[in-house]
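Contents: one structure, followed by commentary.
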Amino acid sequence: MAGEASKVGSIVLQDARVEANEALPGGHYLLRLTAPDIAGRARPGQFVQLRCGPDLPLRRPLSILRAVPRDGQIELLYKAVGLGTRQLTERSRGQLLSVLGPIGEPFAPDPGRPRVLAIGGGVGMPPMLFLAQTLRQAPWLPLLLLGSEVAFPFQPRPSTLLLEGMPHGTIAALPLAEDWGIPSRLASGQGFPGCFDGHVTALAEAYLQTLSAQTLRLTQIMACGPTPMLRAIAGVAARYCLPAQLCLEEHMACGVGGCAGCVVQLATPAGPVMARVCVDGPVFEAAAVYPDLFTATGT
């Protein structure tokens with residue numbers, strides 16, 4: 001099919017040079033790669049497939065945290081949770097990694113709703129930071145909400161950007177977003193100083209409760225994180241009649257649509273369809289992924 005060919009045709013295979021592979025708090029690692037062909041094409045919500053070691057035939061999918069086309073570099077945030085990512089922690093500066101990407105459909109914010117609530121949980125944080133990076137200019141007004149039940153992969157700092165509607169004492173922020181002039185707030189149930197005490201979904205709802213009907217009409221939600229979090233976010237979006245796009249996390253094999261091992265069911269006007277998270281997603285409309293939540297609220 002022509003559409004399928006265009007998706008695959010936008011993916012490049014590149015030997016990327018490792019520039020840094022830094023251990024961070026919470027068991028996270030920041031991997032910086034020189035991969036100019038991928039950096040120039042990457043969009044928020046897309047991911048790459050990495051060959052983590054010479055004896056591992058299957059690549060590992062990792063979301064893109066940042067892309068800097070002028071430097072030809074991309075950054076990936078990951079945790080060492082399996083054989084592949086544990087081997088990835090051993091890669092050092094100057095080594096080459098085989099990288100396939102960028103893969104998938106990115107976020108597509110609606111310009112008619114410039115207030116973008118970008119919500120990331122756990123390893124779902126990277127796409128939201130990438131999205132915020134691309135929305136730094138007018139007319140966009142992004143707000144970045146991040147949640148983690150382990151140490152954040154960065155050192156939070158008290159925000160200097162005033163933000164009405166935040167629960168009292170919720171002042172911890174992402175330093176990079178602060179430097180960009182983008183307001184951010186953090187949530188955790190672990191008692192980290194300045195963080196909202198609870199799930200990031202509860203923080204999002206607490207904030208939305210303070211917005212006027214007029215402001216809500218200018219608001220949309222973008223989110224990435226574990227499945228329970230995404231379903232909760234879809235429920236929040238349905239209750240406030242907000243459009244939402246979700247970047248799904250799914251186990252993958254080929255990562256380019258050939259094996260159909262990452263399919264999810266979507267609701268469409270023509271009835272249910274099966275979609276591949278890798279190339280048909282990973283970003284989907286929340287109402288298509290969780291139609292029961294939107295039907296229940298009449299949205």
Side-chain angles (χ1 to χ4, degrees), residues 9-26 28-52 59-79 85 88-89 91-109 116 118-120 123-146 152-157 161 173-184 222 224 245 247 255 282-283:
S10 65
I11 300 171
V12 298
L13 179 63
Q14 188 162 30
D15 285 331
R17 183 179 186 273
V18 176
E19 301 297 340
N21 195 13
E22 178 184 359
L24 301 176
H28 298 90
Y29 287 80
L30 178 65
L31 177 62
R32 183 179 301 112
L33 301 172
T34 292
D37 292 339
I38 295 174
R41 292 172 167 82
R43 299 294 181 269
Q46 294 182 309
F47 64 97
V48 297
Q49 288 272 90
L50 280 179
R51 177 69 56 80
C52 296
R59 297 170 181 269
R60 271 42 174 190
L62 293 178
S63 297
I64 300 172
L65 170 68
R66 292 181 66 197
V68 187
R70 68 176 180 275
D71 296 332
Q73 294 184 353
I74 59 173
E75 292 181 350
L76 311 172
L77 183 72
Y78 70 97
K79 294 188 71 174
T85 46
L88 191 58
T89 66
R91 305 299 143 218
S92 57
R93 180 179 174 85
Q95 291 184 326
L96 296 180
L97 287 176
S98 177
V99 186
L100 191 66
I103 304 171
E105 293 295 318
F107 286 106
V116 178
I119 306 170
V123 293
M125 291 187 281
M128 310 323 299
L129 181 60
F130 191 7
L131 178 65
Q133 175 193 10
T134 66
L135 300 179
R136 285 185 283 174
Q137 67 285 342
W140 301 107
L141 296 169
L143 168 59
L144 188 61
L145 301 182
L146 303 176
F152 286 93
F154 49 83
Q155 181 60 51
R157 76 183 189 206
L161 302 174
L174 169 66
L176 184 59
E178 288 276 306
D179 294 341
W180 287 341
I182 295 175
S184 64
M222 311 273 154
C224 184
Q245 295 176 21
C247 185
V283 177

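Keep in mind that this is a model prediction, so the values were computed, not measured.
In this structure, the side-chain hydrogen bond (donor to acceptor under 3.5 Å, both in side chains) partners of Glu19, at least two apart in sequence or on a different chain, are Arg17, Thr34, Arg93. Under the ring-ring contact (aromatic ring centres under 6.0 Å, His included) criterion, Tyr78 pairs with Tyr29, not counting sequence neighbours.
With respect to Met125, the side chain to side chain contact (heavy atoms under 4.5 Å, CB included) criterion is satisfied by exactly one of Pro153, Ser63, Cys224: Pro153. Residue Leu50 is tested with Leu100, Thr85, Leu88 for a side chain to side chain contact (heavy atoms under 4.5 Å, CB included); the sole match is Leu88.
In this structure, Phe107 and Met128 have side chains that are in contact, with non-hydrogen atoms separated by less than 4.5 Å. Residues Leu129 and Trp180 are in side-chain contact: their nearest non-hydrogen atoms beyond the backbone lie under 4.5 Å apart. Side chains of Gln14 and Pro36 form a contact here, defined as non-hydrogen atoms less than 4.5 Å apart. Looking at Val48 and Leu33, their side chains never come closer than 4.5 Å, going by heavy atoms from C-beta outward. Using a 4.5 Å heavy-atom cutoff, the side chains of Pro109 and Leu131 are in contact.
Considering CD1 of Ile11 and CG of Asp37, their distance stands at 13.5 Å, rounded to 0.5 Å. A distance of 8.0 Å separates CG of Leu143 from OG of Ser184, quoted to the nearest 0.5 Å. Note that CG of Leu65 is 8.5 Å distant from CD of Gln133, once rounded to the nearest 0.5 Å. The distance from the CD1 atom of Ile74 to the CZ atom of Arg32 is 11.5 Å, given to the nearest 0.5 Å. For the atom pair CG (Leu77) and CD1 (Ile64), the distance works out to 13.0 Å, reported to the nearest 0.5 Å.
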request  = Let me see the working for Arg66 and Asp71 under salt bridge (charged side-chain N to carboxylate O under 4.0 Å, His left out), right down to the final yes or no.
outcome  = CA-CA 12 Å; Arg66 292 181 66 197; Asp71 296 332; over 6 Å; no

task = Might you work through the side chain to side chain donor-acceptor pair (under 3.5 Å) test for Ser98 and Arg59, ending with a clear yes or no?
result = CA-CA 9 Å; Ser98 177; Arg59 297 170 181 269; 2.8 Å; yes

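Taking each heavy atom of Pro44 and Thr134 in turn, the nearest pair found is CG-CG2, 3.6 Å. Contact between Gly45 and Cys247 at its shortest, heavy atoms only, is O-SG, 3.8 Å. Of all heavy-atom pairs between Pro127 and Gly124, the closest is CD-O, 3.3 Å. When all heavy atoms of Pro175 and Gln155 are compared, the closest pair comes out as CG-O, 3.1 Å. For the residue pair Ala16 and Val99, the shortest heavy atom distance occurs at CB-CG2, 3.7 Å. When all heavy atoms of Phe154 and Ala173 are compared, the pair lying nearest together is CE1-O, 4.4 Å.
Side chain of Gln46 to main chain of Gly104: a donor-acceptor pair is present (N/O by atom type, distance under 3.5 Å, no hydrogens or angles). Between the side chain of Arg91 and the backbone N or O of Cys52, at least one donor-acceptor pair lies under 3.5 Å. Of the possible donor and acceptor atoms, none in the side chain of Gln73 sits under 3.5 Å from a partner among the backbone N and O of Arg70. Distance alone, capped at 3.5 Å, is enough to place a donor-acceptor pair between the Gln245 side chain and the Ala108 backbone. The main-chain N or O of Leu96 is never found under 3.5 Å from a side-chain atom of Asp15 such that the two would form a donor-acceptor pair.
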